[in-house]
Amino acid sequence: MSTRTEYDEDLNRSNITIALVGNANVGKSTLFNQLTGLHQHIGNWPGKTVEKKEGTLCYENYKIDVIDLPGIYSLSTFSIEELIAREYIVSNRPDVIVNVVDSSSLERNLFLTLQLIEMQVPMVLALNMVDVAERKGITINEVKLSEILGIPVIKMVVSKGIGVKELVDTIIQIASKKIKAIPNRIEYGRDIEERISKIIEVIKDRELPYPKRFVAIKLLENDEEIKKLVDSNVLDVATKLANELSEVRGYAAPIVIASERYATISKIVNEVQEVVAPQRLSLAERLDAILMHKYLGYPVMVGTVLSMFYAIFTIGSMLSDAIAGVLEGIAEYLSTMLHPLLLEGIWGGFVAGLTLLLPYVIPFYILLAVLEDSGYLPRIAFLLDNIMHKIGLHGKAIIPILMGYGCNVPACYACRIMETERERLITAFVVTFIPCTARLVVIYGLVATYVGIQWAYAFLAMSFGIALLMGKLAYKTCKGESYGLIMEMPTLKAPSAKVVIVETLIRVKSIIYVVFPVYILGGLAIALLQLYGVLNPIELLFEPLMKDWLGLPSFTIMLLIFGFIRKEMVLILPAIQFGVTDLNIIFSPIQMLVLTFIAIFYAPCAATFVMLKREFSLRVAIYITLVQIGFALLFGGILYRILDVYL
Amino acid sequence: MSINPERCMRHRHRFRYRGDLVALTELKEGDRAFVVEIRGDKKIVQRLSDLGITPNSSLTVTRTAPVDGPIEVEVRGSKLILGKDIAKNVIVKIE
């Protein structure tokens with residue numbers, strides 16, 4: 001926040017507030033990052049689990065506050081995002097609205113533009129991705145478009161920085177009232193216009209936060225939130241007119257309005273856009289034919305994901321060894337100053353973060369961001385939609401689930417892409433069953449090394465199956481709304497290094513802020529417990545459970561307690577405590593399998609718990625933890641008995 | 001349209017003519033159709049029309065996924081993916 005005070009001291013600058021509005025996947029976030037650089041603050045909208053991104057740009061004599069509103073397709077009430085966007089615009093009155101649109105699908109993008117125009121705020125149209133449009137043979141006459149809409153239109157390729165300076169200059173000119181940017185009125189069909197006028201007639205003397213025309217149209221659309229703003233007299237008139245309209249046109253009034261908007265847009269687009277379909281299929285289309293192929297798509301997907309994991313573990317172990325080498329030297333120096341238990345707790349947690357999380361998780365998230373920015377993740381969502389459907393979710397859920405293999409913490413955050421509260425909760429529940437890097441280390445270190453690599457693969461496959469089964473269970477017990485999959489399919493493109501780096505940083509940030517403190521404080525807490533000898537009675541208390549039911553040595557309860565802080569402790573601790581490198585001496589193969597099974601499932605780690613509490617509630621976090629403990633102990637015992645017979 | 005009797009027998013449950021009203025899920029890759037009606041939850045209908053799937057809009061099925069998977073349609077110059085449960089509520093007229 002130091003940057004903010006630094007700016008505030010600079011009183012000579014004029015303040016401008018702008019808001020970025022646009023569909024998802026139009027390069028809005030890229031523009032936000034280009035404008036604000038590192039001067040950004042990411043938080044939540046008050047009381048909502050919707051991300052709020054604010055940033056500052058200092059340019060010439062201006063200090064421009066930039067708000068990145070959530071990606072939306074309309075100003076209706078389908079999602080909280082849409083409500084947030086429109087409430088922000090009326091209550092905060094930004095000086096300029098920057099409507100970012102994707103030139104390669106102008107028609108759909110203008111749907112939101114038309115509604116923004118009805119809000120009668122100064123705005124500029126950022127015609128982004130003109131390069132993608134050109135490749136599709138689309139050219140747009142921006143001068144004509146600007147004339148029709150009555151606002152400045154700027155052609156841009158934000159990912160390459162093209163047009164950004166011109167946009168900022170235009171924003172400043174609009175804010176200082178040097179150019180007109182209050183949009184023209186866009187007329188609809190006569191039957192609709194007549195009814196709009198009639199409603200405006202009734203509401204013209206009332207104080208309303210929104211422009212009259214906007215309110216009138218929204219009333220015809222039967223918008224629940226806008227209806228709350230007017231009294232019953234107005235409502236009666238509006239309902240009558242809406243019913244008339246739907247009788248004349250033969251569809252419900254909201255559909256009539258949407259159709260009419262699109263009809264108007266078609267006319268505009270016909271005037272400003274020329275399309276010469278390219279002779280050959282583009283590279284993106286040819287790739288799509290393979291990536292999204294009915295049958296071929298699946299092996300390609302599995303191959304991509306597996307080679308990604310292979311790459312991560314190869315790179316990760318190299319990085320990890322290198323970092324560990326450096327840190328060992330420092331540890332030796334520290335050991336002369338700190339109590340050994342404190343050293344183990346605090347320093348151990350710090351080292352674990354550096355050697356485990358960063359070397360594996362960062363490459364993982366870089367590769368995932370590459371897949372995401374290139375547009376491959378939506379294709380995976382397409383291929384896996386039917387499987388996700390079996391558990392009451394839809395294809396999009398695969399994105400947080402994949403992220404879960406890196407670290408569950410940012411994956412829980414990523415559940416925000418799901419549309420309803422229920423889908424978000426089920427997805428988060430499924431994510432906590434996905435073995436993250438720390439658990440993969442346990443699977444690798446215990447099962448693959450000592451029992452056999454085929455068992456490790458079996459565990460991986462089984463964990464995915466169990467995650468889905470548990471999802472199904474949650475779907476049956478958790479009430480609420482679920483929609484199916486409605487998703488835009490972005491064109492495949494070469495990923496931009498900038499976007500990949502920023503996305504990775506944002507995700508890693510949540511790891512550093514949540515996981516590191518938990519590792520360090522949790523490690524310290526357990527070190528203190530050990531120091532005061534609280535742990536031995538616990539060991540005795542749980543002996544029947546561990547020994548008789550699970551067939552494990554009684555000290556393993558310690559591993560599970562430590563493992564709650566850091567799951568990989570399950571692997572590391574026995575080696576430290578017994579001073580052995582060959583774990584065969586301590587555990588039998590069956591014990592290793594049972595222990596690994598429990599380590600994977602027995603509870604979300606403390607950092608994930610914190611994240612669940614933050615994203616949902618304490619109740620949800622406790623509930624998920626209890627379900628997992630129950631599940632792991634019950635099936636751990638059953639697994640032990642089955643293995644005992646067959647091995 | 002010439003009718004191949006053998007194909008007709010084999011695909012008789014799926015064989016459709018121009019102008020037939022069918023659910024979007026009945027279409028095959030490459031089929032073009034006009035939207036006639038969108039049924040189902042009010043919110044979903046709103047969402048679909050916000051995205052350009054309005055009555056009388058023309059769409060092309062660009063891809064289908066196996067086993068009750070979603071379908072990809074091109075509508076108003078952009079591509080959308082619709083889950084089976086949603087697509088079955090979109091009634092279209094084959095062009």
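Computed from a predicted model, the values in this text were never measured in an experiment. Protein chains get the first letters and strands the later ones, always in sequence-line order, with residue 1 at the start of each.
When heavy atoms are compared at a cutoff of 4.5 Å, A/P490 does not approach chain B at all. With a threshold of 4.5 angstrom between heavy atoms, A/E224 approaches chain B through side-chain atoms but not through N, CA, C or O. Contacts between B/T62 and chain A at a heavy-atom distance below 4.5 Å are absent for every atom of the residue. Only the side chain of A/N222 comes within less than 4.5 Å of a heavy atom of chain B; its backbone N, CA, C and O stay farther away. Proximity to chain B (any heavy atom under 4.5 Å) is restricted, for A/S76, to the side chain, taken from C-beta onward. With a threshold of 4.5 angstrom between heavy atoms, A/I486 approaches chain B through its backbone and through its side chain. A/S266 touches chain B through its side chain: at least one heavy atom from C-beta onward sits under 4.5 Å away, while N, CA, C and O do not. When heavy atoms are compared at a cutoff of 4.5 Å, B/I86 approaches chain A solely by way of its side chain, counted from C-beta outward.
Of residues 35-45 of chain B, those residues with a non-hydrogen atom less than 4.5 Å from any non-hydrogen atom of chain A are, in numerical order, B/V36, B/D41, B/K42, B/K43, B/I44, B/V45.
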Can you list the steps and then say if A/L114 with A/Y188 is a side-chain contact (heavy atoms from CB on, under 4.5 Å)? CA-CA 11 Å; A/L114 244 55; A/Y188 297 117; 3.7 Å; yes
For A/V21 and A/I72, what are the C-alpha separation, side-chain angles and deciding distance, and is it a side-chain contact (heavy atoms from CB on, under 4.5 Å)? CA-CA 8 Å; A/V21 192; A/I72 49 174; 4.2 Å; yes
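Distance CG/A/N99 to CG/A/N128: 11.5 Å, rounded to 0.5 Å.
Taking 4.5 Å as the limit, every side-chain heavy atom of A/K218 sits out of range of all side-chain heavy atoms of A/E225. The closest side-chain heavy-atom distance from B/L48 to B/N89 is not below 4.5 Å. Residues A/R135 and A/M129 are not in side-chain contact: their nearest non-hydrogen atoms beyond the backbone lie 4.5 Å or more apart. When side chains are defined from C-beta on, A/V300 does not count as touching A/H293, because their heavy atoms never get closer than 4.5 Å.
Interface summary for chain A: among B/A65, B/P55, B/G52, the most heavy-atom pairs under 4.5 angstrom belong to B/P55. Most heavy-atom pairs under 4.5 Å with chain A, from the set B/T54, B/L82, B/D68, B/L51: that is B/L51. Chosen from B/R76, B/K84, B/K79, the residue pairing most often with chain A at heavy-atom distances under 4.5 Å is B/R76. Per-residue counts of heavy-atom pairs under 4.5 Å with chain A were compared for B/S57, B/G77, B/G83; the largest is that of B/G83.
In this model, a donor atom of one side chain and an acceptor atom of the other lie less than 3.5 Å apart for B/T64 and B/E29. Between the side chains of A/N109 and A/T113, no donor-acceptor pair is found at a separation under 3.5 Å.
With sequence neighbours excluded, the residues that form a ring-ring contact (aromatic ring centres under 6.0 Å, His included) with A/F111 are A/Y262.
When every heavy atom of A/H394 is checked against every heavy atom of A/G484, the shortest pair comes out as CD2-O, 3.4 Å. Residue B/A87 comes nearest to B/T25 through the heavy atom pair CB-CG2, 3.7 Å, listed as atom of the first residue, atom of the second, then distance.
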